[in-house]
Amino acid sequence: MEHEQTSPEQRQEGETAPRRRRGRTTLLIAGAAVLGVLAGTVTGYAVQYHRAPTALPPLAQQGLVAPKPLAPDDTTTHRTINANRWHKSDDDLSKLLLEAPSGAKPIGTPGYMGLDSLAALYERPDKAFAGLQDDGFRRAVSTAWEQGDRYTEIQLMQYKDRRGAVRDMGGASDAISEDAGNPGSEIAGLPPADAHVWVFSQLTQEDGYHPLRQARAVVRRGDVVAEIFYTDAGGAAISENDIIDLAKRQLERL
């Protein structure tokens, strides 16, 4: 299911919800590294194939108790089969979105964004589409709400592995620092590479649009990156503590 949201940059004379803008870098080196890993893996299998099996040492505890296997029935799901390997990020990703606070007005309905919809939020959608695929994009969800002149949007991007999320985090941080006009701030108690916030130095002003004051946060947990857009449509000052609080609460959900 895809859903569309209006963004603060797009809303004219009272409309609003932030647009994800981030440059992407080429992944030639990463691609070469992957090819190297594959080549090494194939060689390892070839060598191991010709070796005699190595006997395993005896178990420290004999006669381990295990539940009796059950035949699948109507209650069997992918999750029950993989119960010991299941992580909450494998569940419905929208459940990990921070909920709108009491009294806030939802903008649209929280839900999934397809790769094409997510790429369309970038300055170069065609390059973003290819870059997200190369990064191992898996799925994305978003939610948004408004409280007076304050607009909040949260996007969760999940990748097939941690490496893709790390690349996303790094690329987003570089682009946001450029847009914000400052390097942003770390969040006390969290790894600098996994959590960062920015309050834009200047108002965003365009002809025909209200002046906007923006703040941004990017946090990562495992293979999931959360990007938070926080905007005051009236151009009022934004406290850094406000965006830090949002970032911390979203990270707790992950």
Side-chain angles (χ1 to χ4, degrees), residues 3-24 97-111 113 117-125 127-128 140-157 168-188 195-219 225-251:
H3 80 298
E4 296 181 356
Q5 297 177 355
T6 315
S7 91
E9 288 87 341
Q10 293 175 313
R11 291 183 67 180
Q12 194 168 356
E13 298 300 333
E15 297 180 328
T16 185
R19 198 167 177 77
R20 192 168 196 271
R21 176 191 176 277
R22 176 169 63 83
R24 302 293 297 181
L97 284 165
L98 190 63
E99 295 180 358
S102 176
K105 179 182 177 182
I107 302 175
T109 303
M113 293 187 292
S117 297
L118 182 62
L121 302 181
Y122 288 78
E123 191 174 41
R124 294 291 303 275
K127 291 186 177 294
V141 293
S142 68
T143 187
W145 63 83
E146 60 179 291
Q147 293 174 289
D149 284 339
R150 293 287 169 98
Y151 292 80
T152 303
E153 179 179 358
I154 301 175
Q155 297 174 1
L156 301 184
M157 283 73 64
D168 186 331
M169 180 83 188
S173 297
D174 291 343
I176 296 171
S177 293
E178 182 179 347
D179 293 343
N182 63 74
S185 302
E186 299 173 2
I187 299 179
H196 214 81
V197 300
W198 297 260
V199 176
F200 283 35
S201 300
Q202 302 293 330
L203 287 170
T204 302
Q205 300 188 58
E206 296 183 24
D207 293 341
Y209 290 80
H210 289 299
L212 305 176
R213 178 73 70 182
Q214 298 188 67
R216 195 77 58 85
V218 183
V219 296
V225 176
E227 187 163 357
I228 302 173
F229 304 84
Y230 192 59
T231 303
D232 190 287
I238 292 177
S239 169
E240 186 176 80
N241 288 334
D242 290 343
I243 188 67
I244 287 178
D245 178 65
L246 278 169
K248 284 184 173 180
R249 289 192 288 123
Q250 178 58 70
L251 195 57

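Residue numbers start at 1 and run along the sequence shown. Remember, it's a predicted structure, so these values are computed and weren't measured experimentally.
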Rounding to 0.5 Å, atoms CG (Leu212) and CG (Asp149) come to a distance of 10.0 Å
CG (Asp174) and CE (Met169) are apart, to the nearest 0.5 Å, by 10.5 Å
Residue set satisfying side chain to side chain contact (heavy atoms under 4.5 Å, CB included) with Gln147, at least two apart, ordered chain then number -> Pro101, Ala104, Trp145
Closest non-hydrogen contact found for Val197 with Ala247 is CG1-CB, 4.4 Å
Arg150 meets the salt bridge (Lys or Arg N to Asp or Glu O under 4.0 Å) criterion, sequence neighbours left out, with Asp232, Asp242
Interatomic distance, CE@Met157 vs CG@Leu118, rounded to 0.5 Å, equals 6.5 Å
Here the gap from Leu97 atom CG to Leu156 atom CG, rounded to the nearest 0.5 Å, amounts to 4.5 Å
Val199 and Ile238 have their tightest heavy-atom pair at CG1-O, 3.9 Å
Exercise. Taking side chain as C-beta onward, heavy atoms only, is Gln155 less than 4.5 Å from Leu121?
Worked result: yes
When rounded to the nearest 0.5 Å, the distance separating CD of Gln250 from CD1 of Ile228 is 5.5 Å
Sorted by chain and residue number, the side-chain hydrogen bond (donor to acceptor under 3.5 Å, both in side chains) partners of Ser201 (sequence neighbours excluded) come out as Asn182
| said: Does any part of the side chain of Glu153, heavy atoms only, come nearer than 4.5 Å to the side chain of Ile107, both counted from C-beta? | reply: no
Residues at least two apart in sequence or cross-chain that pass side chain to side chain contact (heavy atoms under 4.5 Å, CB included) with Pro211, listed by chain then number, are Leu203, Gln205
Residue set satisfying side-chain hydrogen bond (donor to acceptor under 3.5 Å, both in side chains) with Glu240, at least two apart, ordered chain then number -> Ser185
### Task
Indicate yes or no: at least one non-hydrogen side-chain atom of Phe229 is less than 4.5 angstrom from one of Arg216.
yes
Checklist entry - Ignoring hydrogens and geometry, is there a side-chain-to-backbone donor-acceptor pair from Glu146 to Lys105 under 3.5 Å? => result no
Contact between Trp198 and Val218 at the side-chain level, heavy atoms closer than 4.5 Å - yes or no? yes
Contacts of Asp245 meeting salt bridge (Lys or Arg N to Asp or Glu O under 4.0 Å) (sequence neighbours excluded), chain-then-number -> Arg249
Note: Pro125 and Glu123 closest approach over all heavy atoms is CD-O, 3.4 Å
Sorted by chain and residue number, the side chain to side chain contact (heavy atoms under 4.5 Å, CB included) partners of Pro183 (sequence neighbours excluded) come out as none
Hits for side chain to side chain contact (heavy atoms under 4.5 Å, CB included) against Ala195, two or more places apart or cross-chain, chain-then-number order -> Ile187, Leu190, Val219
Nearest heavy-atom approach of Ala172 to Glu227 is CB-OE1, 4.5 Å
Rounding to 0.5 Å, atoms OG1 (Thr152) and CG (Leu98) come to a distance of 9.0 Å
